[in-house]
Amino acid sequence: MVGLTADPALDAQRPAVAFCAGMPAATLTRASSDALGAIWREHRAGVLERVDLIERAVEALAASALEEQSRVQAQHVAHSLIGSVGTFGFVRASEAARALERELADPDPDPDHAPAMSTLIAVMRRDLHHDVAVPQGAQSPMPVGEELRVLVVDVVLALCARIAAEATSRGMHCDVAASPQAARSLWTERAPAVVLLDLTFPPHGMADAYALLSELSAATPPIPVLVLTGTGEFVDRVEAARRGSRAFLPKSLRPAQVVDAVEQFLARDRLAATRVLVVDDDPVVLDAMRALLEGQELEVATLADPLRFWETLEEVAPELLILDVDMPGINGPELCRTVRNAPRWSGLAVIFATAHTDAATVEQVFGAGADDFIAKPIVGPELLSRVANRLERIRIYRVQAETDNLTGLATRSKSDEGLAQLAALADRFSEPLSVAMLDVDGFKLVNDRHGHAVGDSVLRRLGEHLRRDFRGNDVVGRWGGEEFIVGMYGMTRQNGVKRLADTLERFGEEEFEGTLSVSFSAGVAEYPLDGYCLGEVTRAADEALYRAKASGRSRVLAAEASYKPSPPAQVAGS
């Protein structure tokens with residue numbers, strides 16, 4: 001039997017968390033540490049009840065009256081405690097649980113070992129009497145869990161105060177600046193998550209505001225800017241869009257609607273966050289892992305019943321799956337094999353969490369299709385390191401899948417997704433959304449006469465122009481072949497035509513093969529003016545594109561006012 005030394009002096013030296021060699025300790029934020037402490041206080045009584053169950057089994061063993069069902073149950077409980085208590089930093093309790101599991105795994109345990117097993121239980125109780133202590137380490141300049149910071153830049157301080165009051169009521173921290181210069185000072189001191197910027201400031205008018213907008217958009221990482229405008233002037237929107245504005249918000253909106261827009265845009269950025277599904281039959285482990293992972297701004301779903309795995313997988317649609325090995329009903333390797341055999345999920349990243357690190361278990365999990373595994377008890381920094389490594393690969397694959405290799409623009413599927421999000425914003429805030437369809441003029445002739453290398457150069461260069469001219473909240477993608485699509489939030493179709501015409505003029509100045517110049521034609525339609533759904537809007541833009549081609553090419557036309565979109569379907573009985 002492998003036991004533990006029940007030495008109280010060792011308890012005083014109990015480390016807060018056991019770290020793997022080379023693993024930095026400063027990877028947990030204060031929010032994660034506090035969350036783990038709260039979870040432990042919530043589950044402490046339940047954990048101690050599980051220790052009681054093991055103790056009753058050991059007492060039965062000492063009396064040579066341990067039944068098989070009780071032995072198996074106690075073994076399973078000891079196994080689960082290895083991971084759950086170790087995750088909270090109770091290293092000695094975790095080691096004691098591991099030793100108890102080994103003893104109880106014997107189908108015919110020796111009653112003579114009962115006294116030593118009782119000592120292990122005493123070690124567990126003494127260790128679990130402590131409060132959880134997880135190292136917080138050095139804090140980053142903007143630690144996860146800190147309140148969201150919003151910067152409002154506007155000369156009308158009364159409006160700023162109303163917006164700030166609404167933001168504060170929703171748990172945000174709101175700074176107010178009455179000039180671009182004051183905004184720079186606040187930004188330098190602490191970078192905000194988002195900026196609300198007015199464009200008109202005396203004495204230099206829009207120049208200072210535009211300069212600030214450019215600086216914020218060029219920051220590393222860029223700081224999203226939502227422009228507050230009371231004029232609706234064409235030049236305001238086009239110039240702001242060129243400098244990286246994410247959206248335009250009329251000053252006529254109520255403060256609650258302005259803050260709604262802030263939350264909506266930040267939520268849109270978070271839509272790209274990785275979703276993680278954790279499956280473990282121990283609710284203590286699930287809660288602890290949720291606290292650790294959500295502290296890294298991941299979307300975390302947990303499941304304690306493996307029999308509900310498939311429906312939960314379909315509902316959550318995760319990009320990373322963390323599986324326990326030993327679970328009742330269906331074990332982790334069986335679930336992993338099921339995932340690998342499903343075409344939709346075969347590429348899903350899978351990490352196993354297991355208290356057994358013997359060669360047979362490692363071979364079992366990798367044979368089932370695991371990408372990685374982590375030993376229980378789960379150490380916060382090690383978990384975060386392994387998850388971060390796996391997510392980095394996921395993000396690389398995502399970028400590859402969502403980016404056109406030739407032009408660097410969004411793929412058609414990614415463009416569809418972005419346009420749908422912009423349409424939802426347009427509906428919510430009653431803003432226009434223009435969609436442009438572009439087609440390179442005479443592209444087949446370029447390929448036939450000058451070769452495909454020149455044709456590729458034309459497409460690449462057009463992609464560069466579109467990326468430079470349409471930034472911020474715009475959607476720019478390669479639709480297929482020599483066709484491109486642009487979605488312009490907050491732009492009417494007339495403003496969209498002007499922006500595309502400017503791009504056409506600059507692109508027409510490019511020379512290929514020394515003297516070859518190329519143009520494009522484009523059509524612009526507006527949602528919901530030219531269609532009740534995006535499909536109808538893109539068809540209207542296509543129709544305008546064909547008219548541009550028929551009219552001589554090298555031009556941008558708006559959808560005709562006579563275009564008649566199909567009316568929305570009526571619900572029976574309405």
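Everything quoted here is computed from the prediction, not taken from an experiment. The basis for the numbers below is simple: all heavy atoms, side chains too, and nothing from hydrogens, waters or symmetry mates.
- Side-chain contact between Met491 and Glu431 is absent, with no heavy atoms from C-beta onward closer than 4.5 Å.
- Expressed to the nearest 0.5 Å, how far OH of Tyr489 lies from CZ of Arg246 amounts to 11.5 Å.
- Residues Thr411 and Asp404 have side chains that never bring a donor and an acceptor to within less than 3.5 angstrom of each other.
- Proximity of a side-chain donor or acceptor of Ser430 to a complementary backbone N or O of Ala426 within less than 3.5 Å is not detected.
- Side chain of Arg149 to main chain of Asp175: no donor-acceptor pair is present (N/O by atom type, distance under 3.5 Å, no hydrogens or angles).
- Within a 6.0 Å sphere centred on CZ of Arg467, heavy atoms belonging to other residues, nucleotides or ligands number more than 12.
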Margin query: Go through it in stages, so that I can follow the logic: the residues are Arg170 and Asp260, the test is side-chain contact (heavy atoms from CB on, under 4.5 Å), and I'd like the CA-CA distance, side-chain angles, deciding distance and then a yes or no.
Written below: CA-CA 10 Å; Arg170 303 194 195 186; Asp260 281 346; 2.7 Å; yes
Item checked: Trace of the side-chain contact (heavy atoms from CB on, under 4.5 Å) decision for Leu226 with Leu197 -> CA-CA 6 Å; Leu226 312 185; Leu197 174 65; over 6 Å; no
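- Ionic pairing of Asp502 and Arg506 is not present here: no N-O contact between side-chain nitrogen and carboxylate oxygen is shorter than 4.0 angstrom.
- Put simply, the side chain of Thr168 never gets that close to the backbone of Ala165: no donor and acceptor are under 3.5 Å apart.
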Check: Between Arg344 and Glu314, does a salt bridge (charged side-chain N to carboxylate O under 4.0 Å, His left out) hold up when you go through it step by step?
Finding: CA-CA 10 Å; Arg344 178 183 175 188; Glu314 295 284 350; 2.6 Å; yes
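- Closest approach of Leu212 and Arg184 over heavy atoms only: N-NH2, 3.7 Å.
- Donor-acceptor pairing under 3.5 Å is recorded for the side chains of Arg50 and Ser80.
- In terms of heavy atoms, Ala183 sits closest to Val153 at CB-CG2, 3.6 Å.
- In this structure the side chain of Val195 never reaches within 4.5 angstrom of the side chain of Trp187, judged on heavy atoms.
- Without hydrogens or angle criteria, Thr354 side chain to Val325 main chain gives no donor-acceptor distance under 3.5 Å.
- Closest non-hydrogen pair, Ala240 versus Phe248, comes out as CB-CE2, 3.6 Å.
- Ser434 places a side-chain N or O within donor-acceptor distance of the main-chain N or O of Thr492, the cut-off being under 3.5 Å.
- Within the 4.5 Å cutoff, side-chain heavy atoms of Leu148 are placed close to those of Met172.
- A donor-acceptor pair under 3.5 Å is absent between the side-chain atoms of Ser217 and the main chain of Ser214, judged by distance alone.
- Here the shortest heavy-atom pairing between Leu348 and Leu320 reads CD1-N, 3.7 Å.
- With no hydrogens or angles considered, no side-chain donor-acceptor pair links Thr407 and Arg460 at under 3.5 Å.
- The environment of CD in Glu189 is sparse: at most 12 heavy-atom neighbours from other residues, nucleotides or ligands sit within 6.0 Å.
- When atom types are taken as modelled, the side chain of Glu311 and the backbone of Arg308 share no donor-acceptor pair closer than 3.5 angstrom.
- Annotation for Pro192 and Ile223: closest pair O-CG2, 3.8 Å, computed over non-hydrogen atoms.
- Comment: Asp280 engages Lys376 in a salt bridge, judged by a side-chain N to carboxylate O separation of less than 4.0 angstrom.
- With no hydrogens or angles considered, no side-chain donor-acceptor pair links Asp127 and His129 at under 3.5 Å.
- To the nearest 0.5 Å, atoms CD1 (Ile485) and CZ (Arg478) are separated by 14.0 Å.
- The two residues Ala525 and Arg493 make their nearest non-hydrogen contact at C-CB, 4.3 Å.
- We find that Glu464 and Arg468 are not joined by a salt bridge, their nearest charged nitrogen and carboxylate oxygen being 4.0 Å or further apart.
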